[in-house]
Amino acid sequence: MNFAAKIRARRAESRTRRAVSKAIDAAATPAMRHELMIMAQSRMQGLR
């Protein structure tokens with residue numbers, strides 16, 4: 001992977017992380033918030 005691709009991948013991951021954080025903050029119920037956290041954690045483990 002070249003340098004530009006690494007930067008693009010890092011920015012995309014950062015955008016995703018921010019979007020997930022906003023979704024968790026805006027969740028209607030604590031159960032939905034918890035579910036989003038679990039989904040985000042399982043996805044992040046697969047990315048690394």
Looking at Met39, Arg33, His34, which hits side chain to side chain contact (heavy atoms under 4.5 Å, CB included) with Ile24?
-> Arg33

Residue list, side-chain contact (heavy atoms from CB on, under 4.5 Å) with Asp25, at least two apart or on another chain = none

Validation row: Arg11, Arg8 side chains within 4.5 angstrom (heavy atoms) | no

Side chain Ser14, main chain Arg10, donor-acceptor under 3.5 Å = no

What one should report as the nearest heavy-atom pair of Ala27 and Leu36 is CB-CD1, 4.3 Å

